[in-house]
Amino acid sequence: MTENSVNRKIIATTSNKRKHEQEDKTVNTLSKQAKREQSISKGNVVNKVKTNLKIEAKDEDGSDSTKQEEDDDVNGFDEDQGENDNTFKWWENPEDLDGEVKWETLEHNGVMFPPDYEPLPSNIKLYYDGKPVNLPIEAEEVAGFFGALLESDHAKNPTFQKNFFEDFKTVLKECGGCPDADIVSFDKCDFSKIFQYYDDKREQKKALPSHEKKKMKEEKEKTEEPYKFCLLNGRKEQVGNFRIEPPGLFRGRGAHPKTGKLKRRVNPEDITLNLGKEAKIPDAPPGRKWGEIKHDNTVTWLAMWKENIMGSVKYVRFSQNSSFKGMSDFKKFEKARELKKHIDAIRKDYRSKLKSSLMIDRQIATATYLIDVFALRAGGEKKDDEADTVGCCSLRFEHVFLKPGNTVIFDFLGKDSIRFYQEVHVDPQVFKNLKIFKKEPKRPGDDLFDRLDPSILNKYFQGFMNGLTAKVFRTYNASKTMQDQLDKIPNEGTINEKVVAFNAANREVAILCNHQRTVPKAHQAGVEKINEKIEEMLWQKIKLKRIMLQMDKTVKKKHKEFFEEIEDLTKEKEMEIVERWCKKEIDRIENKFAKDSVKLGYEEKSMSKVDFKEKLMKLKEDHDKKLSKAKELTKQYKSEALKQKYEEKSTYTIEKLKVQVEKLEERIKNTNLQLKDKEENSQVSLGTSKMNYIDPRLTVMFAKKFNVPIEKLFTRTLREKFAWAIESADENWRF
DNA sequence: GAAAAGACTTAGGAGTTCGACA
DNA sequence: TGTCGAACTCCTAAGTCTTTTC
């Protein structure tokens, strides 16, 4: 029996017992808040389907089953799937995972189209050569796409500008040209009025009162509801991207040659729907029709269209928490676990082949080493109209530098044009091989692995294990690294400390997989701000201790260590902190006043003049009061710092002050932890590995074993995506 | 057998919401 | 209670791998 089937059997035989135990376990792992979320989300699903998914399913005898469906919902939904629980627990019967046919019946309401273009007000125009011009509406829309992005990095990219302008001119030509000017030069176009218009709109939306925002959100949800769910084999499932992508400018990453090109509007005629043969075909928007209707039950998409930039196909699929995605994840991680049994043999084989007399074998062995040790991607061939990025098989001469001492520097752009830069020590034979692969007549621009492509490599892998491909190595090594890191964590400390330790393990995996993010623009400023905050908290703490001594000098003798740090804060440093604190406080008050004034300005039209005047007066009064209070405090703190004598409030007691000091100490500790996390995570993105590479059962195991609520480790979305793991792994589970 | 098409996963950034803190 | 930054979700580009076509 394979480990895989053992695992399945364990899941199946324990599932009933687990049903009864689940509630107790849930108490341990889910907080009240998370449970509330769960029940709300389940309730919503039932309600939404009851009221909105008005799909008329026909039974085999042709009768209308909609009523029965509704009755089922009312009665608690799908009783065969567990009492009061509408979740389809496919993981309790994971045998039916494979097979050509993916579903028996599939019903859905089609897709949701973006709103039609809303023309600009008549006073907002593109300026050409200094003069406002009237554009045909189709061209105005395209100019608007660019105008809205004017302040972004994209709009400053010459390729983006060039591609946009070419497509803009094409659209102009298609609709008869501009009546006021012959638009031929990008440099003569001034989009600033258009930018200002969209920017104001954004600001106005942001400044809307919260009840307005809530109302808008509710309306949006109402229109989306019919598309959010579908019926798969009679069961409700959530649809993922049911909103058709709106038109806009293509935002290719890195140096993409097509970045900035016009992404055209997708029409119903462009869309192919995939439904069950018996399912009702949803109505196309009035006066329109669908491109094609398919009944292909060997695939899992609900709709597709061809996009005009790269000519590739876009699909509407099931959401991440659907049974399809869950099963697929489960299979992926089981495949990676299967690799455990073969990895020793594979490593032995490729190590021996590193010295093979056949060039192809040497290249296969060396590439496998890089994929296994440095978690490189396979690296398929790219076309000229794509960004120049590489993976293992497509590495070129210039991406690999060899240094004495078997040291190799890899420097290339990987997926999404993310730089992979690593200086590493490699196996001496790998070093020799790389030297051979770079030997003359090869020169920059030439492939390092000139005999290889991913399909050759994957064929080699499949000789060891069915279904083994290059990407399985990444999943295997990521999850294996996580397991090893988690094994090192001692089961002690606070929940926060355990979470920090978990994140550190997660970070190791993210670094292995080279999951980066651009350092946020405000990162350095943020770090400085936190450091200032820590200084201010230390100042407050020392002040409190000094007050304690003012009140009772004898306490110092009893708690010598406790008071040691009060000497650390010099008069000069204290003055510096006080001045900074006071300046920030005054800035804060002034900023708030400015913001509130703008907000009131937006509301002016909706109130009487008297009301407006009254509100403005009140705002000014509040502001003046706060400002004078802040100025008084400034005076007080400065005088305290100068005299090194602090105001004692009548409510102070030694005990109360001690409690305040302890609270500050706790906050300083937490802020220091936060700073450490911020620094270490500034360039590393933990989410991608957590979502795609780390077997979620490892996280569940950690949560249960270390008594950390699962919602500290998985967001709501991840808890839904990995429901199967939360229910099937216990504290002893191992990858 | 190579290239193209098709179907799926993986990925970072933009936009939105949440929660800590003053 | 309001503000601001962090956390989270959404969006869609960019990969991998399989299947189909020529």
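Just so we're on the same page: letters track the sequence lines, and every chain starts at 1. Note that the structure is predicted; figures quoted are calculated from it, not measured.
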- Item | side-chain N/O A:K382 vs C:dG15 OP1/OP2, d < 4.0 Å | yes

- Task: With heavy atoms under 4.0 Å as the rule, sort A:R202 into base, sugar-phosphate or nothing.
- Result: nothing

- Message: Going by the rule salt bridge (charged side-chain N to carboxylate O under 4.0 Å, His left out), which residues pair with A:K261 if we only count those two or more places apart in sequence or in a different chain?
- Response: A:D167

- Message: Nearest 0.5 angstrom please: A:F250 CZ to A:E307 CD, how far?
- Response: 7.0 Å

- Message: Counting the atoms with a prime plus P, OP1 and OP2 as sugar-phosphate, which does A:R517 contact under 4.0 Å by heavy atoms, base, sugar-phosphate, or nothing?
- Response: sugar-phosphate

- Out of B:dT10, C:dT16, C:dT12, which nucleotide sits closest to the side chain of A:N692? B:dT10

- Item | N/O (side chain, A:R377) to phosphate O (OP1/OP2, C:dT16) under 4.0 Å | no

- Message: So A:K217, base contact, sugar-phosphate only, or nothing? Heavy-atom distance under 4.0 Å.
- Response: sugar-phosphate

- Evaluate the side-chain proximity of A:V708 to A:K712: yes if any heavy-atom separation is below 4.5 Å, no if none is. yes

- Whether A:Y637 and A:W539 hold their rings parallel, tilted or perpendicular, with breakpoints at 30° and 60°: perpendicular

- What do the steps show when you test A:N506 against A:S689 for side-chain hydrogen bond (donor to acceptor under 3.5 Å, both in side chains), and what is the final call? CA-CA 8 Å; A:N506 192 163; A:S689 50; 3.1 Å; yes

- Task: Report which part of the nucleic acid A:Q516 touches: base, sugar-phosphate, or nothing (heavy-atom distance under 4.0 Å, all strands).
- Result: sugar-phosphate

- Item | Which residue lies more 5' along DNA chain C, comparing A:A470 with A:N241 via nearest heavy atoms | A:N241

- Message: Mind checking if A:T300 touches a base, just sugar-phosphate, or nothing, with heavy atoms under 4.0 Å?
- Response: sugar-phosphate

- The side chain of A:P454 lies closest to which of these nucleotides: C:dC17, C:dT12, B:dA7? C:dC17

- Task: Answer with base, sugar-phosphate or nothing: what part of the nucleic acid does A:G252 contact at a heavy-atom distance below 4.0 Å?
- Result: sugar-phosphate

Quick test: give all pairs of protein nitrogen or oxygen and nucleotides 8-10 of chain C nitrogen or oxygen below 3.5 Å, distance rounded to 0.1 Å.
residue : atom : partner : partner atom : Å
C:dT9   : OP1  : A:T717  : N            : 3.1
C:dT9   : OP1  : A:T717  : OG1          : 2.6
C:dT9   : OP2  : A:T715  : OG1          : 2.8
C:dT9   : OP2  : A:T717  : OG1          : 2.8
C:dT9   : O5'  : A:T717  : OG1          : 3.0

- Test ring pair (Phe, Tyr, Trp, His ring centres under 6.0 Å) applied to A:F146 and A:F195, A:Y198, A:F164, the passing residue: A:F164

- Message: If the cut-off is 4.0 Å, is A:H515 near the phosphate of B:dT10, judged by side-chain N/O to OP1 or OP2?
- Response: no

- Message: To the nearest 0.5 Å, what is the distance between CG on A:D416 and NE2 on A:H515?
- Response: 9.5 Å

- Remember a base hit wins even if backbone is also touched, and classify A:K263 as base, sugar-phosphate or nothing at under 4.0 Å, heavy atoms. sugar-phosphate

- Here the distance between atom C1' of B:dG13 and atom CG of A:D153, to the nearest Å, is 11 Å

- Query: When we call it a touch if two heavy atoms are under 4.0 Å apart, what does A:F250 touch: a base, just sugar-phosphate, or nothing?
  - Reply: sugar-phosphate

- Note on the structure: When rounded to the nearest 0.5 Å, the distance separating CD of A:E381 from CG of A:D447 is 8.0 Å

- Indicate, with a heavy-atom threshold strictly under 4.0 Å, whether A:G379 touches base, sugar-phosphate, or nothing. sugar-phosphate

- Ranking C:dA13, C:dC17, C:dG15 by distance to the side chain of A:T469, first place goes to C:dC17

- Message: Once you apply a heavy-atom cut-off of 4.0 Å, does A:K306 come out as touching a base, just sugar-phosphate, or nothing?
- Response: nothing

- Task: Would you indicate what A:S312 reaches in the nucleic acid, counting non-hydrogen atoms under 4.0 angstrom: base, sugar-phosphate, or nothing?
- Result: nothing

- Message: Looking at the base of B:dT10, is there any donor atom on it, or on the side chain of A:K415, that sits under 3.5 Å from an acceptor on the other one?
- Response: yes

